[in-house]
Amino acid sequence: AASPSSVMKRSESVLETMPEALRQSRYHMKKCFLKYVEKGKRMMKLHHLMEEMETVIEDRDEQAQLLEGLLGFILCTTQDAAVVPPYIAFAVRPNPGFWEFVKVNSNDLSVEGITAKEYLKFKEMIVDEAWANDENASEIDFGAMDFKLPTMSLPSSIGNGVNFTSKFITSKLYAESSCQQLLVDYLLSLNHQGEKLMINDRLNTISKLQAALIVAHASLSSLPNDTPYQSFELRFKEWGFEKGWGNTAERVRETVRFLLEVLQAPDPISLEAFLSRVPNIFNVVLFSIHGYFGQSNVLGLPDTGGQVVYVLDQVVAMEEELLLRIKQQGLSFKPQILVVTRLLPDAKGTKCNEAMEPVLNTKHSHIVRVPFRTEKGVLRKWDASAKIIEMMEGKPDLIIGNYTDGNLVASLMANKLGTTLGTIAHALEKTKYEDSDMKWKQLDPKYHFSCQFTADMIAMNSADFIITSTFQEIAGSKERPGQYESHETFTLPGLYRVVSGINVFDPKFNIASPGADQTVYFPYTETSKRFAKFQPAIEELLFSKVENDEHIGYLEDKNKPIIFSMARLDMVKNISGLTEWFGENTRLRSLVNLVVVAGFFDPLKSKDREEKKEIKKMHSLIEKYQLKGQIRWIAAQTDKTRNSELYRCIADSKGAFVQPALYEAFGLTVIEAMNCGLPTFATNQGGPAEIIVDGVSGFQIDPNYGSESSNKIADFFQKCKEDPGYWNKISEGGLKRIYECYTWKIYANKVLNMGNIYAFWKQLNKEQKEAKQRYIELFYNLHYKNLVRTVPIASDEVKPAPASR
Ligand code: UDP
């Protein structure tokens with residue numbers, strides 16, 4: 001049979017094809033749609049639509065025939081449907097980032113296209129009819145502010161904002177000479193604590209600058225490449241140039257050449273190359289507020305996971321890259337990076353009660369902790385920007401937020417100081433709960449979604465650029481909308497309706513994937529570097545027969561390879577799922593042992609409901625499948641150096657890492673394992689699907705199909721038994737992938753380039769940016785401030801917000 005997608009061409013809209021689809025099997029469809037409206041107003045998901053169709057059309061062949069046709073395709077791409085009899089409104093998403101809305105009248109099966117706004121109204125009718133029909137209901141439209149902005153149109157360009165933006169700037173520079181003058185003005189504004197850089201006022205027009213550059217370029221051609229800048233500095237100064245072009249004649253010549261190219265006939269490559277050399281970033285502030293932000297003994301504490309690792313590694317990489325760039329530009333300034341977080345008086349044995357702490361492995365970076373409360377109680381006001389300016393002896397050049405709380409603060413501060421803003425949110429709350437928008441009132445007392453979504457909208461719209469780890473974070477996959485995509489349109493009935501929240505085709509989105517600290521996570525083959533001192537402890541951890549607070553279960557046959565997993569013990573991470581797959585698959589059990597690092601063993605000690613449940617489930621699975629002798633369950637580990645050696649010891653056993661999460665935004669453990677040369681099986685739901693090329697640099701497994709996944713793992717070990725070279729091949733494939741795409745150096749380079757490009761773009765786009773900022777301020781003052789009053793001030797007894805990494 002023809003596949004559904006071949007029946008409906010991409011160019012055709014649902015509105016065009018749906019009437020025909022319904023006509024093809026009018027009799028069944030009529031019954032089906034009557035069934036859908038029978039229960040009255042409600043939301044339906046794809047699986048509801050399918051299940052109810054199956055009850056109406058009992059004949060399996062007929063069902064199959066229907067699903068293979070147009071209707072099957074339309075249904076399969078339906079994200080949800082709002083039933084308000086006699087209508088059913090469909091939100092259809094044929095491809096990432098593309099949405100279409102139609103309503104079908106169940107009486108006569110007539111189909112009509114509707115706007116996103118009308119679709120949202122259908123959703124609202126289900127929960128709050130009066131508000132849905134209120135003409136004065138508050139509507140938010142950030143898109144209305146973007147009238148002059150370029151947006152991309154190719155799905156493959158999503159997440160490649162720097163590239164598109166430099167093309168767009170190029171075309172503006174080409175077409176408008178006023179923009180060229182803006183480039184000169186931008187260069188004139190560069191300085192470090194008042195000291196001018198690149199050019200001075202003598203070169204304040206295009207023609208003067210161009211003429212001086214030509215002279216400079218000619219004079220540099222006669223100098224040996226390695227001539228230090230100092231030896232021609234004076235001559236340069238006479239022509240109107242200041243420091244910042246490069247440290248040697250060669251580098252200066254290249255920089256001059258890039259700018260000459262840009263001024264003569266702008267092209268995006270020269271522009272990007274030139275802007276990436278412009279010294280405009282020395283001081284960076286990062287915000288990472290929730291959880292225990294510290295450098296030791298914090299992992300595993302509430303709300304404290306990969307994010308802390310991510311931010312700290314990011315600082316190290318960024319400082320290194322800044323130092324290199326500053327040096328290469330012939331400057332000797334010190335870069336400074338501050339990570340701003342909360343000061344926690346009750347630090348639970350961590351250093352989170354210290355106001356300031358140097359970041360390990362950096363020269364000039366610090367963690368600064370802001371007091372939220374003192375012995376006297378909650379502190380209502382504390383001026384972090386004044387503190388930052390004092391410490392940096394000036395304003396920051398770049399501010400980067402992390403997560404909802406950090407991003408909101410970052411956006412407020414960036415706006416106040418006029419600094420370029422980047423935001424990062426690896427896990428926005430909105431997509432974590434079904435229909436979290438329309439059910440907000442019900443969920444608000446527990447999760448404060450209204451506040452959270454409002455803060456997220458403010459931050460993502462204020463941001464000059466948004467950093468994501470994966471494409472999926474922005475625009476999802478074929479089946480699942482991305483987390484930013486889910487903010488395009490949504491509604492909080494009774495509060496406001498968002499008709500245009502953010503556009504995933506906005507060139508502010510950029511993918512920059514993190515890496516792992518390669519001084520710690522390095523291949524098992526680099527024997528001389530290995531942390532041998534941990535090996536006895538790891539031997540005990542894996543193989544001793546005792547059960548204690550740190551480990552339970554044991555491994556009878558020490559010679560078998562080990563499949564290993566490590567994660568927080570929450571449901572989504574699915575460690576219990578992996579344990580169950582292992583339990584059920586006798587072939588896999590005969591080939592390997594299972595070792596998991598997760599949570600701890602006593603449910604009574606857990607404060608988290610979900611974690612308690614998972615702990616109990618682990619115990620019952622071990623019991624049910626009689627796993628003792630083949631499983632080692634180790635409690636959460638906090639020492640990353642020792643953990644890295646653990647990954648390598650698993651590699652010594654010729655084992656594998658398994659990341660079985662039901663959904664994973666990125667998956668740092670996947671990167672860590674691959675860096676250690678450990679073949680990795682990771683979930684195909686979320687980020688890891690982009691990291692691993694199936695069968696080449698590791699394997700993808702579907703957490704929804706346990707036995708298929710466990711068989712895939714078993715097949716691998718079977719094959720390794722027959723051909724030991726196969727294990728090496730996958731191990732090396734993983735390392736190759738990491739070095740090409742997932743290192744902190746690549747990351748830091750990309751992020752600093754973003755800082756360069758968007759800082760200039762911000763100048764070109766100043767008026768519109770300001771207009772939008774005014775709109776955001778209104779939104780903040782009228783909505784956010786009111787909403788935040790409904791959130792009780794956390795006391796120690798209140799459970800923290802849902803965990804994120
Ligand atoms: N981790 C750890 N000990 C544990 C569990 C996890 O040190 O018991 C570390 C792990 O090495 C990784 C991070 O915590 O660096 C988890 O990041 P990931 O992206 O896998 O998941 P998250 O917890 O952030 O959702």
Side-chain angles (χ1 to χ4, degrees), residues 288 290-314 350 402-403 424-429 432 468-470 472-473 483 513-518 520-521 534 538 541 549-551 564-575 578 595-601 606 608 610-611 614-615 618 632-648 650 657-676 678 680-683 685-688 690-692 742 744 801-805:
S288 178
H290 61 256
Y292 289 75
F293 195 94
Q295 305 186 78
S296 56
N297 303 329
V298 299
L299 291 180
L301 287 174
D303 249 357
T304 312
Q307 184 195 352
V308 175
V309 179
Y310 175 96
V311 175
L312 288 170
D313 285 354
Q314 181 189 30
T350 70
N402 284 276
Y403 288 90
I424 303 175
H426 296 133
L428 293 169
E429 294 302 301
K432 288 191 192 163
T468 73
S469 300
T470 61
Q472 305 223 5
E473 228 178 283
Q483 54 168 345
S513 309
D517 179 350
Q518 289 176 327
V520 175
Y521 302 99
F534 292 123
I538 289 173
L541 201 61
D549 281 352
E550 205 181 7
H551 44 70
F564 173 55
S565 196
M566 173 161 75
R568 290 183 283 114
L569 195 54
D570 71 23
M571 219 175 73
V572 179
K573 293 287 180 191
N574 201 27
I575 294 290
L578 171 64
V595 172
V596 296
V597 171
F600 47 93
F601 320 127
S606 175
D608 186 300
E610 204 176 272
E611 193 181 50
E614 286 295 299
I615 296 174
M618 284 296 288
R632 180 69 139 194
W633 177 10
I634 302 170
Q637 296 293 309
T638 56
D639 182 342
K640 81 170 182 184
T641 326
R642 197 169 93 163
N643 288 349
S644 72
E645 201 46 41
L646 181 55
Y647 284 113
R648 284 184 288 269
I650 306 289
F657 186 76
V658 186
Q659 211 286 17
L662 299 177
Y663 180 75
E664 177 60 61
F666 183 69
L668 278 182
T669 52
V670 172
I671 296 285
E672 291 164 0
M674 287 166 76
N675 262 292
C676 293
L678 187 56
T680 299
F681 291 79
T683 179
Q685 302 294 310
E690 285 169 48
I691 304 174
I692 290 177
Y742 298 96
W744 279 113
S804 49
R805 67 193 187 110

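Every number for a ligand or one of its atoms is a count from 1 in the order of the listing. Only a predicted model underlies this, so the values are computations on that prediction, with no experimental measurement involved.
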- Would you indicate whether the side-chain heavy atoms of Lys573 and Glu664 approach each other to under 4.5 Å? yes
- Task: Kindly indicate whether the side chain of Leu312, heavy atoms from C-beta on, has any atom under 4.5 Å from the side chain of Phe293.
- Result: yes
Which atoms from ligand 1 have a heavy atom of [X] less than 4.0 Å away?
X      : result
Gln637 : 2 (C), 3 (N), 4 (C), 7 (O), 8 (O)
Gly306 : 13 (C), 16 (C), 17 (O), 22 (P), 23 (O), 24 (O)
Thr669 : 10 (C), 12 (C), 20 (O)
Ala636 : 8 (O)
Val597 : 8 (O)

- Task: Would you give the length of the straight line joining atom CG of Asn574 to atom CD of Glu614, rounded to the nearest 0.5 angstrom?
- Result: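 So the gap between those two atoms works out to 7.5 Å.
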- Residue selection (non-hydrogen contact nearest atom 18 (P) of ligand 1) among Val670, Ile671, Leu668: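 When every heavy atom of Val670, Ile671, Leu668 is considered, Leu668 comes closest to atom 18 (P) of ligand 1.
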Examine [X] against ligand 1 and note whether any of their N/O atoms are separated by less than 3.5 Å.
X      : value
Gln307 : no
Met566 : no
Glu672 : yes

Return yes if some donor-acceptor pair links the side-chain N/O of [X] with the main-chain N/O of [Y] below 3.5 Å, else return no.
X      : Y      : answer
Gln659 : Thr680 : no
Gln472 : Ala665 : no
Trp744 : Gly515 : yes
Ser296 : Gly294 : no

- Query: Are Arg568 and ligand 1 in contact, using a heavy-atom cut-off of under 4.0 Å?
  - Reply: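 Arg568: in contact with ligand 1 (<4.0 Å).
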- Mark the output for Lys573 as yes if a heavy-atom distance to ligand 1 is under 4.0 Å, and as no if none is. yes
- Region of Asn643 engaging ligand 1 - heavy atom pairs below 4.0 Å: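 Side chain only.
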- Item | Side chain, backbone, both or neither: Gln659 near ligand 1, heavy atoms under 4.0 Å | neither
- Query: Under the criterion side-chain contact (heavy atoms from CB on, under 4.5 Å), which of Leu646, Ile634, Leu541 is the partner of Val595?
  - Reply: Ile634
- Task: Start with the C-alpha gap between Gln518 and Asn675, add the side-chain angles, then the distance that decides, and say whether side chain to side chain contact (heavy atoms under 4.5 Å, CB included) holds.
- Result: CA-CA 7 Å; Gln518 289 176 327; Asn675 262 292; 3.2 Å; yes
